[in-house]
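Everything numeric here is computed off the predicted structure, so don't read it as measured data.
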Amino acid sequence: MRTQRPHLLFLLSLLFFTTTFSNLHPKVFAVYDIESPAAPAVDDGDATFIRTSCNGTLYPDVCYTSLSRYANAVQQDPGQLARVAIAVTLSKVHRTASYVSNLTRDADYTVDTRATSALHDCFTNLDDAVDEIRGSLKQMRQIGAAGTGAESFLFQMSNVQTWMSAALTDEETCTDGFQDVADCPVKAEVCDRVTKVKQFTSNALALVNGYANKGAP
């Protein structure tokens with residue numbers, strides 16, 4: 001029996017994780033690293049749903065690669081897919097904002113005032129984007145609650161669309177701020193990271209728009 005116990009414990013742990021993750025509240029995605037756990041086996045129908053949904057975004061490959069691992073949790077629910085997409089985006093933007101924040105501390109000791117100013121402005125924009133995406137996720141949690149009618153659904157979705165659009169604008173403003181900065185490794189790295197983040201935000205917004213167009217759940 002001793003030789004079987006580790007295997008049994010592993011199966012029980014895996015079952016606990018799978019059950020917990022499939023019911024994971026979207027707010028948790030904003031706290032933990034959403035990309036670290038290995039995904040369980042994905043149902044072909046659920047994966048196809050995500051692939052089809054991602055085809056309506058500007059960056060379908062990025063969309064599918066980042067969201068397909070959550071197919072079992074999404075279960076072909078467009079609202080849940082939009083929530084997960086927002087949560088993944090929030091994780092990405094928060095991580096990038098933290099990276100830029102660390103750079104600003106070092107930049108304060110350099111003589112390149114344009115680069116320093118661009119970094120500080122970029123962090124401010126990304127910090128605003130984090131708040132806007134977090135607000136979108138909070139609003140999405142309220143959608144589908146008992147008593148939510150068509151009018152309330154449209155109002156709440158309008159808020160989400162506005163905040164996600166504002167987040168995308170903030171991210172674009174960050175990269176625009178480096179146009180007058182001389183080419184350097186820091187500029188290249190920050191612009192590259194933020195450009196990738198913009199793809200996630202754009203995709204999440206597209207999925208939100210698709211969900212809004214379907215009407216109240």
Practice problem: Go through the steps to decide whether T57 and S202 satisfy the test side chain to side chain contact (heavy atoms under 4.5 Å, CB included), and finish with yes or no. | Solution: CA-CA 8 Å; T57 68; S202 172; over 6 Å; no

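- Under the 4.5 Å side-chain contact rule for hydrophobic residues, L154 and V160 share a cluster.
- Across all their heavy atoms, V93 and A129 have their closest contact at CG1-CB, 4.1 Å.
- Summarising the geometry of R83 relative to Y211, their closest heavy-atom pair is NH2-OH, 4.3 Å, with the distance given to 0.1 Å.
- Side-chain contact between N72 and D46 is present, with at least one heavy-atom pair separated by less than 4.5 Å.
- Side-chain contact between T52 and T48: present, with at least one pair of heavy atoms (C-beta onward) separated by less than 4.5 Å.
- Taking both residues in full, the closest heavy atoms of G56 and A206 are given as O-CB, 4.2 Å, listed atom of the first, atom of the second, then distance.
- When side chains are defined from C-beta on, F49 counts as touching L81, because their heavy atoms get closer than 4.5 Å.
- Rounding to the nearest 0.5 Å gives a distance of 10.0 Å between CZ of R105 and NE2 of H120.
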Quiz item: Could you go step by step and tell me if L205 and N209 meet the side chain to side chain contact (heavy atoms under 4.5 Å, CB included) rule?
Solution: CA-CA 6 Å; L205 176 58; N209 291 337; 3.9 Å; yes

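- A side-chain donor from one of T175 and K198 sits under 3.5 Å from a side-chain acceptor of the other.
- Panel note: side chain S101, backbone A97; no donor-acceptor pair is recorded below 3.5 Å.
- Proximity of a side-chain donor or acceptor of R114 to a complementary backbone N or O of A182 within less than 3.5 Å is not detected.
- The backbone N or O of Y59 sits less than 3.5 Å from a side-chain atom of N203, completing a donor-acceptor pair.
- Taking 4.5 Å as the limit, every side-chain heavy atom of T116 sits out of range of all side-chain heavy atoms of T104.
- Heavy atoms only, all atoms of each residue included: T89 and I133 are closest at CG2-CD1, 3.8 Å.
- Under the 4.5 Å side-chain heavy-atom criterion for grouping Ile, Leu, Val, Met, Phe, Trp and Tyr, W163 is not connected to L126 through any hydrophobic cluster.
- For the pair F178 and C122, the minimum side-chain heavy-atom distance is below 4.5 Å.
- Contact between P78 and Q76 at its shortest, heavy atoms only, is CD-O, 3.6 Å.
- Between V186 and V181 there is no side-chain heavy-atom pair separated by less than 4.5 Å.
- Residues K187 and C191 have side chains in contact (heavy-atom distance under 4.5 Å, counting atoms from C-beta outward).
- With hydrogens and angles ignored, the 3.5 Å screen pairs a side-chain donor or acceptor of S66 with a backbone N or O of V62.
- I86 CD1 to R134 CZ: the interatomic distance, rounded to the nearest 0.5 Å, is 13.0 Å.
- With rounding to the nearest 0.5 Å, the separation of CG in D170 from CD in E172 is 9.5 Å.
- Here the closest heavy-atom approach between residue A212 and residue M157 is recorded as CB-CE, 3.9 Å.
- Of the possible polar contacts, none joining the D127 side chain to the F123 backbone as a donor-acceptor pair under 3.5 Å is found.
- Of the inter-residue distances, the one linking K138 atom NZ with D131 atom CG reads 11.5 Å to the nearest 0.5 angstrom.
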Practice problem: Could you walk me through whether L67 and V74 pass side chain to side chain contact (heavy atoms under 4.5 Å, CB included), step by step? | Solution: CA-CA 9 Å; L67 300 179; V74 171; over 6 Å; no

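- R193 places none of its side-chain heavy atoms less than 4.5 Å from the side chain of V197.
- To the nearest 0.5 Å, atoms CG (N159) and CE (M164) are separated by 13.5 Å.
- D128 CG to T169 OG1: the interatomic distance, rounded to the nearest 0.5 Å, is 11.5 Å.
- In the hydrophobic clustering of this structure, L58 groups with L207; members are Ile, Leu, Val, Met, Phe, Trp, Tyr whose side-chain heavy atoms approach within less than 4.5 Å, directly or through other members.
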